[in-house]
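Single-structure report; data block below.
Whatever order the structure lists them in is the order used to number ligands and atoms, beginning at 1. As a basis for the values below, the full set of heavy atoms in this structure was taken, side chains included, without hydrogen atoms, waters or symmetry mates.
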Amino acid sequence: MINIKEDEKLNIMNHSCAHLMAQAVKHLYPNAKFWVGPVIEDGFYYDIDLDGEVITEEDLPRIEKEMKKISKDGKRIVRHEISKSEALEMFKDDPYKVDLISHMDEDNTVISCYSQGDFTDLCRGPHLESVKELKYFKLLKFSGAYWKGDSKNKMLQRIYGVCFDTEERLNDHLRELAERAERDHRKIGKDLSIFMSHDLVGKGMPLWLPNGAIIRKNLENYIYEKEQKLGYMHVYTPCVGTVDLYKTSGHWDHYKENMFPKMQVDEEEFVLRPMNCPHHMLIYSNELHSYRDLPIRIGEFATDFRYEASGAVKGLERVRCMCQNDAHLFVTPEQIGEEFKRVVELILDVYKDFGIKDYKFRLSLRDPEDKEKYFDDDNMWNEAESKLREVLDSFDIKYYEAIGEAAFYGPKLDVEVKPAVGPEITLSTCQLDFLLPRRFELSYIDSEGNKKTPVVIHRAIFGTFDRFTAFILEETKGALPLWLCPTEVNIIPVNNEYHLEYAKKIYKELSDNKIRVKLDDRNEKLSYKMRESSIKKVPLTLILGDKEKENGTVSFRRFGSQETTTVKSQEFLEKVLDAKAKRIQNI
Ligand code: TSB
Ligand code: ZN
């Protein structure tokens, strides 16, 4: 998808189109006042004070029509330059413009305005020569937006639009937008009853519905199995810790703005935990360790709470309450390379199972200037970063470097993916930490009998179950593989009167074998039930009628296919069990 902001020609065009929209709005709402109208990645928007009126669905076509009219009229777009005092005089009745002008630099005496016909706006430009060039545009959506983004200020009306130089490009873009909206996990999550949110629970605190809980449980079982095989030991720890715990770890000094505020209970001060490392450090230190015990791999599906800005929270992808697929690996310095490699292999193995192909490795380094975010110890950072580079260069993966993306305790290898809507996100992470083991005074006895400090690798393969589920819903458009999806088989009797009995028998056979099966015995038309099964993206829909009942067979359709296949019911059962065991998409 093209970035309008980065294409110089489209950038100017969209900027002029924002003015065109403002002019049309002014024609339709003579009291309208305008705040700012910038070009963004996807087009443009304008924030407008409509003097108490609120934009509705019907208004966009009306505004578009007016824009077309003005464009046809074809007025020239003319630039004037005026002084700050002239500008203040010219816009004296418009508090928004006065605010903008009065914040302009004193020395920058020349202020530019652009006029087209009866409309003039304060603007730096540049613009097109004439509104005539604006032909292929579309107003896309609207929302409320607080003036200057501050909830204490007045709510303005924000209208979004986009403009192209050809009809074809506009149509391509609109098609792509529709595709993205279709893929957005928030829409899929709603349509397939996977998660919900409620103001009474709070922002960024999604509730996983029964369907979502099945997906999550399946993900947990999947990764737990893999981790067991790799020698991980899972634990359960509380999702709070005392402030002192996070002072010891350094989170209190370097991660506080991402944490919920502390709370007092009797004589203790608690915080909701943003990470699980401190708890796992204490579990490690509960026993004495010899070099022979290492690596020790402590895993947990652990709930964390983080403060995320309210504008940044998004469905399951960016939440304030999340569950990490977390583990901390305690290793000797000599084991770093081998253990790190195993984690990267596990990441690649999981991505292969889920068919994730489009991802980037990012080596996240500290910003040495940022003394607040990062623990201040140059030697430690140099050692950790050069070790991590050495490890990465020893295997065959491509990565790019990003300064200022490290954790406060050490550098990371993050895996980035691109969601349907919005910027790239990090899924998996593998991090090298020389700091926390020191702060918790962890030790092991080496082969010479000396006390040594272990190194910790923090890693999360899915990242969080929340974010991974969001991503996988977008990747698959909600058509999850058999083993993962909430309902694997949906049974529809052709006629309840004659076939329900047989349908119940098949239902029992399948559910006795732990297949997630539903029986649609509603008195609705067959075609209606089949369509619904497809809308719900159920991988297998069974249609049971006379022939099936007579022959002890089932006829089934795979999601997305119109083809019907008939097999003996026992064969169907075996095929489903096999596909599940192999974790393949469908039978
Ligand atoms: C891996 N201490 C380490 C842990 O041991 C840690 O917390 N790392 S993290 O900060 O990078 O978070 C781990 C993963 O959680 C990230 O890679 C990302 O996939 C996921 N994550 C981070 N913030 C959010 C959020 N607000 N919503 C959903 N998932 C998130
Ligand atoms: Zn950690």
Side-chain angles (χ1 to χ4, degrees), residues 185 195 197 203-206 208 216 219 223 227 232 235 237 239 241 245-246 249-251 254-255 257-260 272-284 297-330 340 343 346-347 350-351 356 359-362 364 373 402 405-417 419 422-437 439-440 442 455-472:
H185 80 275
F195 70 99
S197 12
K203 276 202 186 73
M205 305 277 181
W208 291 66
R216 178 151 157 187
L219 289 174
I223 200 74
E227 291 179 352
Y232 287 61
V235 297
T237 58
C239 61
L245 176 67
Y246 287 97
S249 65
H251 285 81
H254 300 288
Y255 202 71
E257 62 274 25
N258 300 82
M259 292 163 70
F260 277 61
L272 291 170
R273 67 174 173 193
M275 292 192 195
N276 321 301
C277 347
H279 294 75
H280 291 184
M281 304 283 148
L282 296 179
I283 287 179
Y284 176 89
R297 308 175 182 94
I298 299 179
E300 184 173 359
F301 301 150
T303 299
D304 294 324
F305 294 83
R306 289 187 189 173
Y307 172 75
E308 296 278 0
S310 69
V313 294
K314 178 178 161 197
L316 289 179
E317 184 183 298
R318 188 171 293 278
V319 291
R320 285 176 171 172
C321 171
M322 65 200 81
C323 183
Q324 281 199 47
N325 152 227
D326 202 5
H328 295 93
L329 319 176
F330 300 81
F340 211 93
V343 174
L346 177 58
I347 293 174
V350 168
Y351 283 25
I356 304 173
Y359 56 83
K360 277 193 285 195
F361 282 105
R362 180 182 73 191
S364 303
K373 183 169 169 192
E405 294 291 343
F408 77 82
Y409 46 73
K412 313 192 275 177
L413 178 70
D414 292 317
V415 191
E416 282 186 324
V417 293
E424 266 139 352
I425 46 160
T426 299
L427 280 186
S428 314
T429 184
C430 188
Q431 316 171 348
L432 196 53
D433 176 8
F434 289 85
L435 178 68
L436 296 199
R439 295 190 61 111
F440 282 92
L442 303 186
V455 177
V456 167
I457 296 172
H458 306 236
R459 46 107 288 179
I461 307 302
F462 286 147
T464 52
F465 290 98
D466 315 82
R467 182 170 287 182
F468 192 81
T469 302
F471 184 69
I472 213 68

ask   = Using 4.0 Å as the upper bound for N to carboxylate O, is an ion pair formed by E405 and R362?
value =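 Looking at E405 together with R362, the answer is yes, because their closest N to O distance falls below 4.0 Å.
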D414 and Q431: side chain donor to acceptor below 3.5 Å =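 Q431 and D414 do not have a side-chain donor-acceptor pair below 3.5 Å.
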For ligand 1, which atoms, with element, lie under 4.0 Å from some heavy atom of [X]?
| X | result |
| --- | --- |
| T429 | 1 (C), 11 (O), 13 (C), 17 (O) |
| M322 | 23 (N), 24 (C), 25 (C), 26 (N), 30 (C) |
| K412 | 11 (O) |
| C277 | 2 (N) |

query = What do the steps show when you test S249 against Y409 for side chain to side chain donor-acceptor pair (under 3.5 Å), and what is the final call?
reply = CA-CA 9 Å; S249 65; Y409 46 73; over 6 Å; no
Ligand 1 versus [X], non-hydrogen atoms closer than 4.0 Å: side chain, backbone, both, neither?
| X | value |
| --- | --- |
| R320 | neither |
| T426 | both |
| L427 | backbone |
| R318 | both |

Roughly how far apart are [X] [atom1] and [Y] [atom2], rounded to 0.5 Å?
| X | Y | atom1 | atom2 | answer |
| --- | --- | --- | --- | --- |
| I457 | L413 | CD1 | CG | 11.0 Å |
| I347 | Y359 | CD1 | OH | 9.5 Å |
| L427 | I472 | CG | CD1 | 8.5 Å |
| L245 | L282 | CG | CG | 5.5 Å |

Which residue and atom name correspond to the protein heavy atom nearest [atom], and how close is it?
| atom | answer |
| --- | --- |
| atom 8 (N) of ligand 1 | Q431 NE2, 3.1 Å |
| atom 26 (N) of ligand 1 | E308 OE2, 2.7 Å |
| atom 14 (C) of ligand 1 | G463 CA, 3.9 Å |
| atom 2 (N) of ligand 1 | Y409 OH, 3.0 Å |
| atom 13 (C) of ligand 1 | Q324 OE1, 3.6 Å |
| atom 15 (O) of ligand 1 | T464 CG2, 3.5 Å |
| atom 22 (C) of ligand 1 | R306 NH1, 3.4 Å |
| atom 28 (C) of ligand 1 | E317 O, 3.3 Å |

ask   = Can you check whether F462 and F465 have ring centres sitting under 6.0 Å from each other?
value =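 Centroid separation for F462 and F465: below 6.0 Å.
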task = Determine, step by step, whether R320 and E308 satisfy the salt bridge (Lys or Arg N to Asp or Glu O under 4.0 Å) criterion, reporting the C-alpha distance in whole Å, the side-chain angles of both residues, the deciding distance to 0.1 Å, and the verdict.
result = CA-CA 6 Å; R320 285 176 171 172; E308 296 278 0; over 6 Å; no
task = Decide side chain to side chain donor-acceptor pair (under 3.5 Å) for N276 and E300; before the verdict, give the C-alpha distance in whole Å, the side-chain angles of both, and the deciding distance to 0.1 Å.
result = CA-CA 8 Å; N276 321 301; E300 184 173 359; 5.9 Å; no
task = Heavy atoms only: give me the nearest C323-D466 pair and the separation to one decimal.
result =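 Closest approach of C323 to D466, heavy atoms only: N-OD1, 2.7 Å.
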request  = Say whether V319, considering both its backbone and side-chain N or O atoms, lies within less than 3.5 Å of an N or O atom on ligand 1.
outcome  =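 N/O-N/O distance below 3.5 Å exists for this pair.
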task = Before signing off on this row, confirm whether D326 and ligand 1 have an N or O atom pair separated by under 3.5 Å.
result =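 In this structure, D326 places an N or O atom under 3.5 Å from an N or O of ligand 1.
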query = Does the pair R273 and Y246 meet the rule for a side chain to side chain donor-acceptor pair (under 3.5 Å), with working shown?
reply = CA-CA 9 Å; R273 67 174 173 193; Y246 287 97; 5.4 Å; no
message = Angle between ring planes, F305 versus F260, binned at 30° and 60°: parallel, tilted or perpendicular?
response =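 Rings of F305 and F260: perpendicular, over 60°.
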request  = Take the angle between the ring planes of F330 and Y284 and call it parallel below 30°, perpendicular above 60°, tilted in between.
outcome  =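 Parallel.
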task = Could I get the full list of salt bridge (charged side-chain N to carboxylate O under 4.0 Å, His left out) partners for R297, not counting sequence neighbours?
result =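 Checked R297 against salt bridge (charged side-chain N to carboxylate O under 4.0 Å, His left out); matches are E339.
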In the protein, N/O/S atoms that are found under 2.8 Å from the Zn ion (ligand 2), waters not counted =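 Atoms qualifying: C277 SG, H328 NE2, H458 ND1.
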query = For ligand 1, is there an atom lying under 4.0 Å from some heavy atom of D466?
reply =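 The answer is no, since D466 has no heavy atom less than 4.0 Å from ligand 1.
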